[in-house]
A.B. asks: 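This is the structure I have questions about; it appears just below.
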Amino acid sequence: MKRAFYIGRFQPFHLGHYSVITSIAEEVDELIIGIGSAQRTHEANNPFTAGERVMMIRHALEDIDVHFYALPIDDIQQNPVWVSYVTSRTPPFDTAYTNNPLVIELFEEAGITVKQPPMYLREQHSGTEIRRRMLANEEWRHLVPDAVADVIDEIDGVRRLKRVSRTDGFDY
Ligand code: ATP
Ligand code: MG
């Protein structure tokens with residue numbers, strides 16, 4: 001049984017993530033999708049809850065031919081024990097797929113094989129760019145799977161993002 005791990009914040013889950021997952025799915029039997037910074041929500045850079053991100057992933061991957069587990073992973077802010085923390089709450093896996101330099105370093109030090117998936121049209125397919133477009137009332141739906149746009153509509157996500165990104169003009 002080949003099992004792999006892939007982590008992101010998925011704020012929101014977009015077609016870059018989807019493209020990586022479809023290619024990993026061809027190489028493995030099961031995929032663990034770690035939803036990073038799971039505790040963060042209702043912030044300009046992290047507007048969606050872990051549960052909402054689970055919904056996005058579940059609906060977006062409905063037709064993909066791989067068993068997957070989408071598991072929320074809270075931040076612990078202790079890099080030396082982060083890999084043990086992750087592996088203590090996931091099914092066992094042999095390979096981690098990521099392009100994040102810190103995550104690569106931590107997994108490799110722990111003796112876990114790391115593969116770096118190719119970037120899919122990164123200029124537009126980034127969470128930061130999609131949130132910017134939502135705030136600016138620009139087109140964003142074509143950058144996410146249709147099912148993710150439906151989830152964001154269901155939870156009125158753009159309205160929330162706009163509200164949590166606003167300040168009252170004071171620094172407190
Ligand atoms: P943000 O801008 O909010 O940080 P992001 O687009 O970087 O969002 P994350 O949720 O941070 O996405 O997920 C990070 C993971 O997704 C990393 O492993 C990263 O390499 C991968 N990833 C992000 N965008 C793409 C893309 N366009 N193509 C392939 N992989 C991507
Ligand atoms: Mg990122």
Side-chain angles (χ1 to χ4, degrees), residues 3-28 31-61 64 66 68-77 79 82-83 86-87 90 93-110 112-136 138-149 151-152 155 157-158 160-162 164-165:
R3 217 176 281 112
F5 180 71
Y6 176 62
I7 191 161
R9 290 180 7 268
F10 310 121
Q11 294 280 12
F13 185 88
H14 57 63
L15 287 173
H17 302 131
Y18 182 84
S19 138
V20 168
I21 286 172
T22 50
S23 63
I24 300 173
E26 288 171 16
E27 296 176 15
V28 304
L31 177 62
I32 303 142
I33 303 172
I35 301 175
S37 301
Q39 85 286 1
R40 303 201 92 110
T41 179
H42 290 71
E43 299 171 352
N45 292 330
N46 297 283
F48 307 119
T49 70
E52 290 162 350
R53 290 176 274 162
V54 168
M55 275 171 79
M56 292 176 197
I57 292 167
R58 177 134 203 114
H59 288 290
L61 300 185
I64 281 200
V66 70
F68 71 88
Y69 311 84
L71 302 178
I73 312 257
D74 287 357
D75 291 328
I76 53 166
Q77 278 150 354
N79 294 337
W82 184 75
V83 171
V86 167
T87 54
T90 61
F93 56 87
D94 24 66
T95 309
Y97 289 78
T98 182
N99 289 303
N100 181 290
L102 173 63
V103 174
I104 293 171
E105 178 64 18
L106 295 175
F107 275 127
E108 285 187 349
E109 284 185 19
I112 293 170
T113 306
V114 175
K115 289 194 183 170
Q116 293 180 250
M119 281 291 172
Y120 174 77
L121 305 173
R122 176 65 172 164
E123 299 73 38
Q124 293 193 8
H125 294 82
S126 95
T128 301
E129 169 63 11
I130 292 167
R131 294 189 302 275
R132 188 198 66 72
R133 285 165 173 258
M134 288 173 165
L135 289 172
E138 291 174 20
E139 272 307 317
W140 56 270
R141 288 166 199 276
H142 63 295
L143 302 175
V144 302
D146 289 344
V148 169
V151 170
I152 292 171
I155 63 175
V158 174
R160 180 195 297 162
L161 174 64
K162 288 180 175 171
V164 301
S165 300

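Just so it is clear, the structure is predicted and the values come from calculations on it, not from any experiment. All ligand and atom numbering here is 1-based and tracks the order in the structure.
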A.B. asks: If the criterion is any heavy atom closer than 4.0 Å to an atom of ligand 1, which residues make the list?
C.D. replies: Tyr6, Ile7, Gly8, Arg9, Phe10, His14, Gly16, His17, Val20, Thr98, Asn99, Pro118, Met119, Tyr120, Arg122, His125, Ser126, Gly127, Thr128, Arg131
A.B. asks: Compile the donor-acceptor pairs under 3.5 Å between side chains in residues 140-149 and protein atoms, sequence neighbours left out, one pair per line.
C.D. replies:
{"from": "Arg141", "atom 1": "NH1", "to": "Asp153", "atom 2": "OD1", "distance (Å)": "3.3"}
{"from": "Arg141", "atom 1": "NH1", "to": "Asp153", "atom 2": "OD2", "distance (Å)": "2.8"}
{"from": "Arg141", "atom 1": "NH2", "to": "Asp153", "atom 2": "OD1", "distance (Å)": "3.2"}

A.B. asks: Closer than 3.5 angstrom, by distance alone: can the side chain of Arg53 be matched with the main-chain N or O of Phe48 as a donor-acceptor pair?
C.D. replies: yes
A.B. asks: Quick check against the 3.5 Å criterion: does Gln11 have a side-chain atom that pairs as donor or acceptor with the backbone of Asn45?
C.D. replies: no
A.B. asks: Could you tell me which residues satisfy side chain to side chain donor-acceptor pair (under 3.5 Å) with Asn100, sequence neighbours excluded, listed by chain and number?
C.D. replies: none
A.B. asks: With sequence neighbours excluded, tell me which residues meet ring pair (Phe, Tyr, Trp, His ring centres under 6.0 Å) with His14.
C.D. replies: His17
A.B. asks: Distance check, rounded to the nearest 0.5 Å: Ile57 atom CD1 versus Tyr18 atom OH?
C.D. replies: 13.0 Å
